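Inspection log for the structure reproduced underneath, given as structure tokens.
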Amino acid sequence: MNAPIRYAEALLTGMLGTFGLDIEYVRAEKNTLYCLDDAGTEVPVLDLVGGWGSLMLGHNHPEIVAYAKELLDTGWPVHSQHSSHPVADRVGAVLNEIIGREFPGAEPYPIIFANSGAEAVEAAVKHCEFDRVLRMKSLFEQIEWHADVALNAVRDGVAALPDDTSLLPGDVPAPSGIEEFAALLGAVAAHNVAQAGTGPVFFALERAFHGKLVGSTQFTYNPLFRAAFASLGMTVKFVPPNDATVLEKLVTEQRVTVLDVEVLDGRVTLVERDFPVLAGLIVEPIQGEGGIHELTGEFVARIRQICDEVECPIVVDEIQTGMGRTGKFFASSHIGLLGDYYVLGKSLGGGIAKTSAMLVRQSRYRPEFELVHSSTFAKDGFSTAIALRTLELLEADDGAAYDRAAERGGRILGMLRELAAEFPDVVADVRGRGLLIGLDFADQSNASSPIIREKARAGLLVFQLGSYLQLAHRIRTGPTASVPTMLRIEPSIHIGDEEIDQLRTGLTQVCRILRNQDALQLIHPLTGAGEPARARIQDFRPATHDAPAPTEPADRRVGIVGYPLTPDMLREFDPSLADLDDDRLLAYARRSELLKDLPALAPVRFDSPQGTSVDLTVYPLLVTQQQLREYQVSGQTFLIGLDLDRRVRAAKADGCDTVGLGFGLGAVVGHGRALRVPGITVTAGSALAVGSALAAVRHAADERFGGLGGLTMAVVGAGGRIGSALAAIGAREVARIVLVGSGRPGSAERLRATEHRIYQEAWARIAAGGEPTGIAAGLSAEPLIAGWLADGRPGDEPSGAAIAAYLADHRDADPFVVVADDLLPVRNAHVVFTAHSSPVSVLDEKYLADGAIIGDLSFFGTGSESAAADSRGDLHYVRAGVLSVSNGGILPRGVSVSPGADELLAGAAEAITLALSGSGGSMGGGAITRERVDAMVELAKQHGFETISS
């Protein structure tokens with residue numbers, strides 16, 4: 001909570017920190033990054049992310065670094081805009097030589113420079129539209145010329161008037177004279193103007209990734225990157241890869257025509273012309289971010305044919321696949337796709353400079369584009385010189401770099417395919433060409449390990465696996481943007497056999513971990529521990545995979561947003577974590593603070609004796625009680641509130657109409673009142689918790705003291721919602737109440753409010769007549785009360801504060817209610833309720849009276865105050881707020897925090913009761929009054945929940 005403030009992508013860095021990937025690197029060379037350990041010693045890390053494909057020649061290639069130094073040392077002009085740039089021209093010449101080699105007979109390609117791959121895509125899209133607009137202008141000029149020719153031909157009598165006007169919309173008669181013909185030409189022009197308003201249509205492929213700028217993101221298929229910005233861009237239609245029939249269909253659907261007139265065989269005739277609405281198709285020969293999928297030769301041949309027929313240019317995005325990464329300079333040359341445009345980036349800068357380029361086929365290039373498109377930093381002297389040296393290194397020795405990329409990539413792919421054959425249950429696929437490789441793991445969203453299952457369902461499994469590879473094997477891998485099960489591998493051509501063997505070792509362990517569902521191996525490096533708690537991978541697969549027999553659907557569904565975590569809960573949640581001690585488990589929970597969602601558990605059926613049934617689903621949160629306390633102390637409870645809100649909405653989406661909040665969570669969101677999810681009842685289980693706790697303690701008091709009458713009762717945590725209700729309702733029976741608060745800001749005010757509530761309710765009972773009990777009995781003898789009765793003061797008139805003030809003025813000490821922020825007054829109490837939310841125990845046996853009863857509602861009912869009772873044999877300990885289940889399912893103890901078999905905490909029991917009875921709207925909220933508590937206890941009893949009295 002006290003981490004230093006970050007200003008640069010704080011959320012992203014925090015997410016990386018969750019997986020131990022927020023590492024600062026201090027040096028790099030070839031395929032190695034170096035970080036420092038705690039002693040300041042360099043630690044090498046095998047880097048297979050490769051700058052997301054920008055490091056074809058590796059980190060800090062010595063020749064490129066030396067050349068960069070030389071350029072800067074000699075004062076080479078970086079910025080000399082509006083001047084001759086022969087080096088930039090030479091880059092274009094080399095690229096054209098390569099195009100000519102890989103696509104024999106290709107025409108020249110002029111070049112436009114940019115600063116990044118996404119900018120190169122934007123430049124290509126702009127040029128496509130620029131070209132389309134100029135073609136549209138040329139078409140309309142041609143139509144205008146034809147209209148003038150036709151009009152003159154009719155006037156000169158060398159052409160007859162048109163006799164078919166069916167191409168015009170509406171009922172337009174054939175002209176009978178020159179004036180009507182002129183009007184017809186006007187109608188044609190109006191029709192064409194209307195058609196001219198049709199915006200451009202672009203095509204891209206499903207799974208595509210072309211950048212995240214305003215324009216390029218429109219071509220990126222993943223809605224995560226595109227949806228929020230869809231209204232800012234042009235129309236893009238997505239086509240399934242390797243299915244040309246869809247493109248063919250879309251081309252037909254998007255076809256727009258305008259009208260022209262021609263003089264044919266002595267008659268003016270209306271004809272249709274295709275309006276240039278199709279602006280371009282952009283494709284990656286291998287879809288990198290989309291999961292390393294290569295297009296087929298058959299597909300690209302067909303789309304080339306379709307696009308040529310309709311004059312739709314093809315933009316080939318080689319930003320990641322180009323520069324020799326796949327074994328040839330252009331990956332598109334493997335499949336015979338000659339583009340109208342090429343965009344290059346990433347490795348074009350040699351791992352040093354930020355540069356990219358767009359190349360346009362000469363016959364389509366519009367030189368005027370250079371006057372309407374420019375960039376301050378594109379084509380600068382430094383980056384173009386570095387690009388040229390990079391190309392020279394790639395082309396040296398007859399393209400030896402390309403051959404090495406193919407050979408090294410083949411070796412890695414072969415190793416991965418051997419791994420896939422050994423672990424067919426873990427590895428779904430191995431894809432790639434050259435040094436652009438993806439390892440696709442089998443879906444783990446139904447894994448038996450909840451930790452593994454959680455990460456898979458959250459789309460973060462490869463981050464968890466990457467975390468393990470990084471921290472346990474010093475291997476840095478990367479995800480793909482749109483395939484959450486794939487690890488991406490993009491090393492430089494310098495990767496050696498030892499490094500490939502290092503990768504094999506790490507991935508073999510990953511496969512064993514997933515096969516055996518041993519989440520400990522993934523978690524341990526994140527706990528801050530040194531040596532592994534258990535070195536050997538163990539098998540935690542379930543003994544049987546038989547699916548439960550199908551049942552009839554329940555009458556209702558209910559959700560529980562899970563209780564805060566304890567180490568025991570985590571161990572029971574995932575048995576593979578049993579060897580981690582408490583400190584390590586809590587360290588993992590704290591590191592995972594930004595990822596609070598664990599997967600929803602399988603529903604558990606509860607059947608009521610009344611004949612109704614519910615399915616209960618638990619939605620756990622990965623947050624500890626200590627973290628909850630820190631949220632409260634720091635005033636940041638809104639953060640956990642956001643997580644609770646999201647989980648409640650998930651429950652609603654799953655069909656739940658009632659959701660219970662685990663004990664400890666309700667306090668940070670006003671016991672559900674701060675959640676704003678329409679159409680669902682949210683309960684913190686407070687009414688049943690209070691009622692069952694009072695019933696259990698009352699039973700113990702009957703046995704030990706003959707009842708609660710005449711006793712002193714203390715409530716530790718009386719400023720809270722549950723503690724206040726316990727005190728107010730208990731005051732009907734006991735003679736004296738001790739209210740103990742936390743001493744934190746606001747605690748005193750809350751305690752006074754509880755005191756005033758006790759006196760207000762006592763006065764209301766006195767004013768109503770009858771024999772008063774509890775504190776009301778003692779209070780009725782006070783002269784103030786006698787005077788009020790004589791005056792006929794109404795029972796509902798605000799009186800609690802006045803009674804407290806009177807007693808403070810007329811008594812040395814209040815004989816009925818004691819307010820304190822320490823435990824000293826507790827020593828006089830016969831009954832002590834603990835209703836605090838402290839993550840540690842509060843009671844000490846020295847503060848407890850002889851033979852006292854402890855009703856423990858603290859720390860969500862897991863017995864955090866039992867140690868005090870264990871230290872003395874005379875004390876009677878009661879697990880308050882626990883109910884037995886007479887007929888229904890039992891949740892795992894590690895999730896429900898159930899103290900024993902056939903038992904549930906009141907919070908869960910109340911949510912189930914409300915769902916079983918369908919009375920959530922009428923009983924799920926509001927003040928915790930005695931009437932509401934009694935009604936909830938009775939309702940729970942009707943549905944099979946009985947208070948446990950021991």
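Note that the structure is a prediction, hence the values are computed from the model and not measured.
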Hey, are Glu910 and Thr683 close enough side-chain-wise for a donor-acceptor pair under 3.5 Å?
-> yes
Which heavy-atom pair separates Ala731 from Ile758 by the least distance, and what is that distance?
-> CB-CG2, 3.7 Å
Could you go through the side chain to side chain contact (heavy atoms under 4.5 Å, CB included) check for Glu845 and Tyr847 one step at a time?
-> CA-CA 5 Å; Glu845 56 92 14; Tyr847 294 115; over 6 Å; no
Distance from Arg732 atom CZ to Leu694 atom CG, nearest 0.5 Å?
-> 11.0 Å
Taking atom CD of Glu771 as the centre, does the number of heavy atoms from other residues, nucleotides or ligands within less than 6.0 Å exceed 12?
-> no
NZ/NE/NH1/NH2 to OD/OE distance under 4.0 Å, Glu755 and Arg750 | no
Looking at side-chain heavy atoms only, is the closest gap between Leu843 and Ile854 below 4.5 Å?
-> yes
Can we say Arg557 and Asp654 salt-bridge, meaning some charged N sits less than 4.0 Å from an Asp/Glu carboxylate O?
-> no
Short question: side chain of Thr612, backbone of Ser608 - any donor-acceptor pair under 3.5 Å?
-> no
Distance-only, no hydrogens or angles: does the Gln760 side chain make a donor-acceptor pair with backbone N or O of Ile803 under 3.5 Å?
-> no
Please name the pair of heavy atoms, one in Asp555 and one in Gly611, separated by the smallest distance, quoted to 0.1 Å.
-> OD2-O, 4.1 Å
Thinking salt bridges, do Glu761 and Arg757 make one under a 4.0 Å N-O criterion?
-> yes
On a heavy-atom basis, the closest approach of Leu875 and Arg704 is C-NH1, 4.1 Å
Within the distance-only criterion (no hydrogens, no angle test), does the side chain of His810 pair as donor or acceptor with the backbone N or O of Tyr806 below 3.5 angstrom?
-> yes
Does a side-chain heavy-atom distance below 4.5 Å link Val738 with Val740?
-> yes
Backbone of Pro678 reached by a side-chain donor or acceptor of Lys652 within 3.5 Å | yes
Is the side chain of Asp581 donor-acceptor paired with the backbone N or O of Arg584 at a distance under 3.5 Å, no angle test?
-> yes
Shortest non-hydrogen contact between Met936 and Leu688, atoms and distance | CG-CB, 3.8 Å
Polar side chain donor-acceptor pair, Tyr588 to Asp583, under 3.5 angstrom = no
How long is the span from the NE2 atom in His699 to the OG1 atom in Thr947, to the nearest 0.5 Å?
-> 11.0 Å
Consider only side-chain N and O atoms of Ser799 and Arg793, and report whether a donor and an acceptor are under 3.5 Å apart.
-> yes
Salt bridge between Asp934 and Arg930, side-chain N to carboxylate O under 4.0 Å?
-> yes
Check whether any side-chain heavy atom of Asp657 sits under 4.5 Å from a side-chain heavy atom of Thr681, and report yes or no.
-> no
Minimum side-chain heavy-atom gap Leu883-Leu904 below 4.5 Å | no
Where do Val878 and Ala696 come nearest, in terms of heavy atoms and distance?
-> CG1-CB, 3.7 Å
Ile853 side chain reached by His830 side chain, heavy atoms, under 4.5 Å = no
Interatomic distance, CG@Leu848 vs NE2@His876, rounded to 0.5 Å, equals 14.0 Å
With side chain to side chain contact (heavy atoms under 4.5 Å, CB included) as the test, would you mind laying out the steps for Leu905 and Val882 before giving the verdict?
-> CA-CA 5 Å; Leu905 291 182; Val882 181; 3.9 Å; yes
Ser724-Thr754 side chain donor-acceptor pair, cut-off 3.5 Å = yes
Atom CZ in Arg721, atom OG in Ser686: separation rounded to 0.5 Å?
-> 4.5 Å
Stepwise side chain to side chain contact (heavy atoms under 4.5 Å, CB included) test for Val831 and Val734 = CA-CA 10 Å; Val831 173; Val734 300; over 6 Å; no
Judged by modelled atom types alone, do Thr834 and Asp856 share a side-chain donor-acceptor pair under 3.5 Å?
-> yes
Salt-bridged, Glu749 to Arg752, with N to O below 4.0 Å?
-> no
Worked check of side chain to side chain contact (heavy atoms under 4.5 Å, CB included) between Leu739 and Val817 | CA-CA 7 Å; Leu739 307 176; Val817 179; 3.7 Å; yes
Check whether any side-chain heavy atom of Val558 lies under 4.5 Å from a side-chain heavy atom of Phe606, and answer yes or no.
-> no
If we only count heavy atoms from C-beta on, is the Arg736 to Phe816 side-chain gap below 4.5 Å?
-> no
Minimal non-hydrogen separation, Ile928 against Ala687, with atom names = CG2-CA, 4.1 Å
Asp582 bridged to Arg571 by N-O distance under 4.0 Å = yes
Of Leu616, Leu661, Thr658, the one forming a side-chain contact (heavy atoms from CB on, under 4.5 Å) with Ile560 is Leu616
If you round to the nearest 0.5 Å, how far is SG of Cys656 from CD1 of Ile680?
-> 6.0 Å
Where the side chain of Trp788 meets the backbone of Trp763, is there a donor-acceptor pair that is under 3.5 Å apart?
-> no
Charged N to carboxylate O below 4.0 Å: is that the case for Asp874 and Arg872?
-> yes
Hey, what do you get for CD1 (Ile766) to CG (Leu779), rounding to the nearest 0.5 Å?
-> 4.5 Å
Which of these passes side-chain contact (heavy atoms from CB on, under 4.5 Å) with Phe833: Val716, Val697, Val690?
-> Val697
Flag the pair Asp615 / Val604 as yes when at least one side-chain heavy-atom distance between them is below 4.5 Å, and no otherwise.
-> no
Short question: side chain of Glu733, backbone of Leu708 - any donor-acceptor pair under 3.5 Å?
-> no
